[in-house]
Amino acid sequence: YASDPVETMVARLNSWQPEILGAYPSIARILANEQLAGRLRISPKYVFTGAEVLTEETRRRIEEVWGKGRLFDIYGATESGMIAAECVYHSGLHLFEDQVIFEVVDRENRPVPAGVYGDKLLITVLFNHTQPLIRYELSDSVRLADRQCPCGRPFALITDVQGRIENILRFPAASGGEVPID
């Protein structure tokens, strides 16, 4: 469990020797550091992260330890389940547009163009007949890609997830504009 002491996680993982490791990015980074220190000794074929923003620094650390191309980030929400995931090209997160209608919008619910961060998302879940969610608002700030993935899948891509608006602090940048800190 993510709330267990690191020593407990390391002991369990060393005993279990998982082929697939799934964790919050922050926990995966801690485990990668434990592997580098020699306390954790596992060789997962795949590492999946989700439920938090995966920073480039954390991605580099995990890939340094368990190999480039093995890490796949997943994006989802409690209300909708999985919304998007990386493919083997790692060029963004493919939206599951056959399950969720996904609108990246500004504060007034107007669509923002690809390549621009939205202020929030409006999602319509297509598979939940018990509790339909139609244009349900999530305060996540994401940026849609203005290109297709080389894999050829027809689904749109998210190129970056900044996180929940409530969790992002913005500071003036020395070069002008703002720097978002999650």
Side-chain angles (χ1 to χ4, degrees), residues 1-102 104 114 117 121 123 125-128 138 140-164 167-168 182:
Y1 301 105
S3 60
D4 284 346
V6 173
E7 299 79 20
T8 301
M9 285 190 268
V10 167
R12 285 182 181 157
L13 289 168
N14 280 336
S15 173
W16 188 27
Q17 291 297 305
E19 289 188 23
I20 297 173
L21 177 64
Y24 299 122
S26 58
I27 297 297
R29 182 185 174 105
I30 289 168
L31 294 173
N33 290 337
E34 290 296 304
Q35 182 94 5
L36 282 173
R39 292 182 287 273
L40 181 62
R41 295 171 303 284
I42 61 173
S43 299
K45 290 181 182 177
Y46 302 103
V47 178
F48 292 93
T49 59
E52 294 176 349
V53 173
L54 175 63
T55 64
E56 284 303 314
E57 183 181 337
T58 296
R59 177 183 288 279
R60 279 192 298 275
R61 176 52 56 101
I62 293 167
E63 289 179 337
E64 171 190 350
V65 172
W66 289 303
K68 197 158 180 67
R70 293 184 185 206
L71 172 61
F72 294 87
D73 196 28
I74 298 169
Y75 175 58
T78 303
E79 299 84 357
S80 64
M82 289 194 345
I83 294 173
E86 286 183 308
C87 73
V88 296
Y89 285 89
H90 302 282
S91 63
L93 297 150
H94 289 277
L95 288 167
F96 301 147
E97 294 176 293
D98 55 343
Q99 297 180 28
V100 178
I101 297 172
F102 192 86
V104 181
Y117 286 102
L121 306 175
I123 61 169
V125 179
L126 301 174
F127 60 85
N128 188 342
L138 296 175
D140 293 2
S141 177
V142 303
R143 181 178 61 204
L144 289 174
D146 56 1
R147 58 179 165 67
Q148 288 294 117
C149 181
C151 75
R153 286 182 178 88
F155 301 120
L157 290 173
I158 298 172
T159 56
D160 193 31
V161 178
Q162 284 188 332
R164 296 266 147 88
N167 297 336
I168 298 174
D182 186 11

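Quantities reported herein were computed from a predicted structural model and do not represent experimental measurements.
- Trp66 places a side-chain heavy atom less than 4.5 Å from the side chain of Pro44.
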Which pairs would a plain distance check flag for residues 1-13, meaning a side-chain donor or acceptor within less than 3.5 Å of a matching protein atom at least two apart in sequence or in another chain?
unit_1: Asp4; atom_1: OD2; unit_2: Tyr1; atom_2: N; d: 3.2
unit_1: Asp4; atom_1: OD2; unit_2: Arg12; atom_2: NH1; d: 2.5

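- Taken to the nearest 0.5 Å, the CD atom of Glu34 stands 7.0 Å off from the CG atom of Leu40.
- The CD atom of Gln35 sits 12.0 Å away from the CD1 atom of Ile62 when rounded to the nearest 0.5 Å.
- Using a 4.5 Å heavy-atom cutoff, the side chains of Pro25 and Thr55 are not in contact.
- In this structure, the side-chain contact (heavy atoms from CB on, under 4.5 Å) partners of Glu64, at least two apart in sequence or on a different chain, are Leu36, Arg61.
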* Verdict with reasoning, Leu138 to Ile123, per side chain to side chain contact (heavy atoms under 4.5 Å, CB included) -> CA-CA 8 Å; Leu138 296 175; Ile123 61 169; 3.8 Å; yes
* To do: Take Ile20 and Phe48 through the side chain to side chain contact (heavy atoms under 4.5 Å, CB included) test and state the conclusion after the steps.
  => CA-CA 8 Å; Ile20 297 173; Phe48 292 93; 3.6 Å; yes
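- A pairwise comparison of heavy atoms in Pro154 and Glu97 identifies O-OE1, 4.1 Å as the closest pair.
- No side-chain heavy atom of Gln162 sits under 4.5 Å from any side-chain heavy atom of Val142.
- Counting non-hydrogen atoms of neighbouring residues, nucleotides and ligands closer than 6.0 angstrom, the CZ atom of Phe155 exceeds 12 such neighbours.
- Every residue two or more places apart in sequence or in another chain was checked for a side chain to side chain donor-acceptor pair (under 3.5 Å) with Gln17, and none qualifies.
- Enclosure of atom OH in Tyr117 by more than 12 non-hydrogen atoms of other residues, nucleotides or ligands within 6.0 angstrom is indicated.
- Partners of Glu19 by side-chain contact (heavy atoms from CB on, under 4.5 Å), not counting sequence neighbours, listed by chain and number: Lys45.
- At least one side-chain heavy atom of Val104 sits less than 4.5 Å from a side-chain heavy atom of Leu121.
- Taking the side-chain contact (heavy atoms from CB on, under 4.5 Å) definition, one finds that Ala37 meets it with Arg39, sequence neighbours left out.
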* To do: Could you please spell out the steps behind the side chain to side chain contact (heavy atoms under 4.5 Å, CB included) verdict for Leu157 and Gln148?
  => CA-CA 7 Å; Leu157 290 173; Gln148 288 294 117; over 6 Å; no
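- Residues meeting the side-chain contact (heavy atoms from CB on, under 4.5 Å) test with Phe127, sequence neighbours left out: Gln99, Val100, Val125.
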May I have the list of side-chain donor-acceptor pairs in residues 81-96 shorter than 3.5 Å, sequence neighbours left out?
unit_1: Glu86; atom_1: OE1; unit_2: Arg59; atom_2: NH2; d: 3.2
unit_1: Glu86; atom_1: OE1; unit_2: Asp73; atom_2: N; d: 2.7
unit_1: Glu86; atom_1: OE2; unit_2: Arg59; atom_2: NH2; d: 2.7
unit_1: His90; atom_1: ND1; unit_2: Leu71; atom_2: O; d: 3.2

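- By the 4.5 Å heavy-atom criterion applied to side chains, Thr49 and Tyr75 are not counted as neighbours.
- Distance check: Asn14 CG to Ile42 CD1 gives 7.5 Å after rounding to the nearest 0.5 Å.
- For residues 143-160, the set of pairs meeting the salt bridge (charged side-chain N to carboxylate O under 4.0 Å, His left out) definition, not counting sequence neighbours, is empty.
- Val53 approaches Val161 most closely through the heavy-atom pair CG1-O, 3.5 Å.
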